[in-house]
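The figures that follow rest on heavy atoms only: side chains count, while hydrogens, waters and symmetry mates do not.
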Amino acid sequence: MRCLPLAPAPPQPAAGLDAEQWAAQDIRVLKGCWLLDSDYRVREVTTGEISTVVVWQMCFDAEGNGDQDFRFDSGTTCESANSARFNDAGQLVILDPDDVPCSDNSRIFRREIACDLQEDGTADCLSRQPDRGGRQSSVKIRKP
């Protein structure tokens, strides 16, 4: 499965995640493509250069298998597979299997993202890098 080509979209709340499917922990709630809104920035560990994500998109099949695409303000793009499941606490968990490779030969360190459903059909999430001291950032998942 491949995501559609990335295109900037204005941040705006939009319904999309079904509350009943979420409550039943039915992973098919994620089927399709989603935009992630955040102030996600990465720092290149050798140069210290900071890049900001301008578009982050994830697409999933009915089993929670997916892929993700990032585009940075520098023009760098990053792509990888990922997967989603519900944990025992009822949170949606999205996992990178490994570091995410980028077009400039850099990589985004592996992340674990835990999400809670919001009343407007979006999900508020906390993204953390377990292999990098647990660094965290906030993310919102919404329909494009």
Side-chain angles (χ1 to χ4, degrees), residues 1-45 47 49-87 89-132 134-144:
M1 167 186 269
R2 288 287 321 133
C3 288
L4 299 173
L6 297 173
Q12 60 188 30
L17 292 163
D18 182 86
E20 289 181 17
Q21 278 184 297
W22 188 289
Q25 297 189 4
D26 182 352
I27 200 62
R28 292 176 297 182
V29 72
L30 272 186
K31 186 176 180 185
C33 293
W34 303 87
L35 288 175
L36 288 82
D37 296 329
S38 72
D39 61 353
Y40 201 72
R41 287 170 277 175
V42 296
R43 183 178 59 82
E44 212 293 325
V45 294
T47 67
E49 181 181 346
I50 295 176
S51 297
T52 300
V53 171
V54 293
V55 178
W56 183 3
Q57 177 177 269
M58 290 185 185
C59 298
F60 293 93
D61 66 16
E63 286 79 44
N65 301 307
D67 55 42
Q68 61 187 330
D69 294 293
F70 295 84
R71 184 174 20 193
F72 289 89
D73 57 355
S74 64
T76 297
T77 58
C78 309
E79 301 175 3
S80 77
N82 60 5
S83 62
R85 62 175 174 76
F86 283 95
N87 66 18
Q91 289 182 304
L92 178 70
V93 177
I94 302 170
L95 303 170
D96 294 339
D98 205 348
D99 293 346
V100 179
C102 300
S103 61
D104 64 355
N105 294 318
S106 65
R107 59 192 168 116
I108 299 171
F109 295 114
R110 183 180 71 85
R111 288 154 307 119
E112 297 175 352
I113 302 172
C115 306
D116 293 302
L117 182 64
Q118 302 302 300
E119 288 183 16
D120 66 355
T122 64
D124 283 345
C125 309
L126 187 63
S127 173
R128 58 183 287 279
Q129 295 176 315
D131 303 330
R132 299 293 296 172
R135 292 187 179 147
Q136 300 180 359
S137 60
S138 297
V139 179
K140 181 179 280 290
I141 295 177
R142 66 175 174 86
K143 269 293 193 191

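The CH2 atom of W56 lies 11.5 Å from the CG atom of L35; values are rounded to the nearest 0.5 Å. The structure places CD1 of I94 at 6.5 Å from CG of N82, a figure rounded to the nearest 0.5 Å. The CG atom of L126 lies 6.0 Å from the OG atom of S138; values are rounded to the nearest 0.5 Å. Within the model, atoms CZ of R71 and CD of E79 stand 11.0 Å from one another, a figure rounded to the nearest 0.5 Å. Separating the NZ atom in K140 from the CG atom in D124 is a distance of 3.5 Å, to the nearest 0.5 Å. For the atom pair CZ (F70) and OG1 (T76), the distance works out to 12.5 Å, reported to the nearest 0.5 Å.
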Inset, instruction - Give the C-alpha distance, both sets of side-chain angles, the deciding distance and a yes or no for side-chain contact (heavy atoms from CB on, under 4.5 Å) between I113 and I141. - result: CA-CA 11 Å; I113 302 172; I141 295 177; 5.5 Å; no

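Counting non-hydrogen atoms of other residues, nucleotides and ligands closer than 6.0 Å to CG of N87 gives a total above 12.
With sequence neighbours excluded, the residues forming a side-chain contact (heavy atoms from CB on, under 4.5 Å) with L117 are L17, A19, W22, listed by chain and number. With sequence neighbours excluded, the residues forming a side-chain contact (heavy atoms from CB on, under 4.5 Å) with S106 are C102, D104, listed by chain and number. Residues forming a salt bridge (Lys or Arg N to Asp or Glu O under 4.0 Å) with D131 (at least two apart in sequence, or on another chain): R110. Listed by chain and residue number, E112, P130, Q136 satisfy the side-chain contact (heavy atoms from CB on, under 4.5 Å) test with R128 (two or more places apart in sequence, or in another chain). With sequence neighbours left out, D18 forms a salt bridge (Lys or Arg N to Asp or Glu O under 4.0 Å) with no residue at all. Scored by the salt bridge (Lys or Arg N to Asp or Glu O under 4.0 Å) test, R28 finds D26 as partners (sequence neighbours excluded).
Residue R142 forms a side-chain hydrogen bond (donor to acceptor under 3.5 Å, both in side chains) with just one option from T122, D120, D37, and that option is D37. In summary, of the residues considered (S38, S127, C125), a side chain to side chain contact (heavy atoms under 4.5 Å, CB included) with S137 occurs for S127 alone.
The pair R111-D96 counts as a salt bridge, with a side-chain nitrogen and a carboxylate oxygen less than 4.0 angstrom apart.
Under a 3.5 Å cut-off, the side chain of S103 and the backbone N or O of T77 do form a donor-acceptor pair.
Looking at every heavy atom in both residues, P144 comes nearest to C33 through CD-O, 3.4 Å. Minimum interatomic distance between V93 and L95 (heavy atoms only, all atoms of both residues): CG1-CD2, 3.6 Å.
Contact of the I108 side chain with the Q68 side chain is not registered, since no non-hydrogen atoms from C-beta on lie closer than 4.5 Å. Side-chain contact between I27 and L92 is present, with heavy atoms from C-beta onward closer than 4.5 Å. For the pair S83/P97, no side-chain contact is recorded, criterion being any heavy-atom separation below 4.5 Å from C-beta on. Looking at heavy atoms from C-beta onward, K143 lies in side-chain contact with W34 at the 4.5 angstrom threshold.
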